[in-house]
Protein chains: 2
Amino acid sequence: MKSSENMLIQKGIRPTAMRMLILEYLEKQLAATGLSDLERNFERGDRITLYRTLKTFEEKGVVHKIIDGSEEAKYAVCFEDCYEHHHHDMHAHFKCKICHETFCLRNSIRQSVVPAGFSVDEISLVAYGVCPRCKK
Amino acid sequence: MKSSENMLIQKGIRPTAMRMLILEYLEKQLAATGLSDLERNFERGDRITLYRTLKTFEEKGVVHKIIDGSEEAKYAVCFEDCYEHHHHDMHAHFKCKICHETFCLRNSIRQSVVPAGFSVDEISLVAYGVCPRCKK
DNA sequence: GCAGGCTATGCAACCGGATTGCATTTCTAC
DNA sequence: GTAGAAATGCAATCCGGTTGCATAGCCTGC
Ligand SMILES: [Mn+2]
Ligand SMILES: [Mn+2]
Ligand SMILES: [Zn+2]
Ligand SMILES: [Zn+2]
């Protein structure tokens with residue numbers, strides 16, 4: 001059994017052919033991936049199916065959504081233990097204004113960015129600038 | 001001369017009646033404000049005018065935009081020195097899942113959230129959870 | 001004060017991503 | 001194998017956000 005298949009089953013997702021292909025594709029990506037990117041790479045699959053696949057993956061804790069201020073939402077495979085309807089992706093993201101890619105940064109946000117009195121479930125952090133590769 | 005009028009002139013914005021009203025309204029708010037909120041509170045003003053006012057304010061450094069993952073973008077008056085097309089709002093935001101309000105937090109973000117090699121222009125940080133007031 | 005020119009406003013239309021409804025196909029459990 | 005549940009495909013819709021254009025308003029130079 002493929003590792004992608006196994007992963008989906010563990011997360012309570014029926015491992016259809018399309019879903020496995022999409023998961024394997026997402027796992028290969030260095031940058032976060034949007035729906036339009038999937039559309040280009042899975043012309044066989046219907047746009048809506050791709051959309052719903054991402055949504056299911058997100059709900060079940062396979063990927064997390066990144067709102068980077070571009071036209072569309074991006075998604076990246078979770079690297080912490082995320083479960084159904086429960087992400088804990090306390091890490092930052094970086095959107096490069098040169099290559100327009102959005103990356104997950106593994107540094108976890110440990111310092112208290114929020115004053116006492118607030119209880120934090122989740123954090124969305126996107127930094128904007130130039131990535132090391134584009135910085136020449 | 002009103003302080004709102006003065007503020008607009010300093011930022012290179014013609015201080016029309018509507019703009020001053022909107023700025024004064026925004027300055028009163030504790031939470032970030034979206035277009036639909038303005039629509040409700042300025043029924044006299046056209047939706048598009050309100051939209052363009054926010055856009056102008058943002059471009060000229062009067063307010064900053066906050067993408068908090070809700071349906072619409074929110075705006076809050078800048079409290080650092082922001083200039084035309086140049087914001088430096090390195091501060092966090094907090095969106096409460098009970099009252100659904102989004103607040104600016106004055107804590108400035110230490111830049112250590114991003115590894116060496118990246119150059120950071122701007123940071124968007126939104127924490128999600130429960131605000132002190134809703135925590136009983 | 002007045003005319004000309006630039007800016008702001010109002011209205012209508014459009015756009016693109018996100019989302020939903022429903023019929024059909026595919027898969028899983030028995 | 002069959003019945004029921006889930007996934008898929010296709011069409012339609014929603015809804016912020018955005019733009020084009022005509023009109024009204026403001027500021028300037030004369
Ligand atoms: Mn990430
Ligand atoms: Mn803010
Ligand atoms: Zn780059
Ligand atoms: Zn609250």
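Being a predicted model, the structure only gives us computed values, none of them experimental. To find a chain, count down the sequence lines: A is the first, B the second, and so on, and within it residues start at 1.
- As rounded to whole Å, 16 Å separates atom C1' of D/dA6 from atom CE of A/Met18.
- In this entry the distance linking CZ of A/Arg19 with P of D/dG9 reads 11 Å, nearest Å.
- You'll find the side chain of B/Ile66 stays beyond 4.5 Å of the side chain of B/Tyr75, heavy atoms only.
- The pair A/Glu101-A/Arg133 does not count as a salt bridge, with every side-chain nitrogen at least 4.0 angstrom from each carboxylate oxygen.
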Sugar-phosphate or base contact per nucleotide [nucleotides 24-30 of chain C; S, B, -; heavy atom under 4.0 Å] = ---BS--
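- In terms of heavy-atom proximity, A/Ile123 sits nearest to A/Val113 at CD1-CG2, 3.9 Å.
- In this structure, CD of B/Glu59 is placed 15 Å from P of D/dG17, rounded to the nearest angstrom.
- Rounded to a whole Å, the CD atom of A/Glu71 is 13 Å from the C1' atom of C/dC15.
- Summarising the geometry of A/Lys74 relative to A/Ala32, their closest heavy-atom pair is CB-CB, 3.6 Å, with the distance given to 0.1 Å.
- Across residues 33-58 of chain A, A/Arg47, A/Ile48, A/Tyr51, A/Arg52, A/Lys55 each have a non-hydrogen atom less than 4.0 Å from an atom of DNA chain C (numbered order).
- With rounding to whole Å, A/Asp68 atom CG is found 14 Å from C/dG17 atom C1'.
- A/Leu125 and A/Leu105 fall within the same hydrophobic cluster, where Ile, Leu, Val, Met, Phe, Trp and Tyr residues are linked whenever their side-chain heavy atoms come under 4.5 Å apart, directly or through other members.
- Using cut-offs of 30° and 60° for the angle between ring planes, the B/His91 and B/Phe79 rings count as tilted.
- Between the A/Lys11 side chain and the A/Glu84 main chain, no donor and acceptor come within less than 3.5 Å of each other.
- Ring centers of A/Phe103 and A/Phe94: at least 6.0 Å apart, outside the cut-off.
- Remark: C1' of D/dC27 and CD1 of B/Ile13 are 17 Å apart, rounded to the nearest angstrom.
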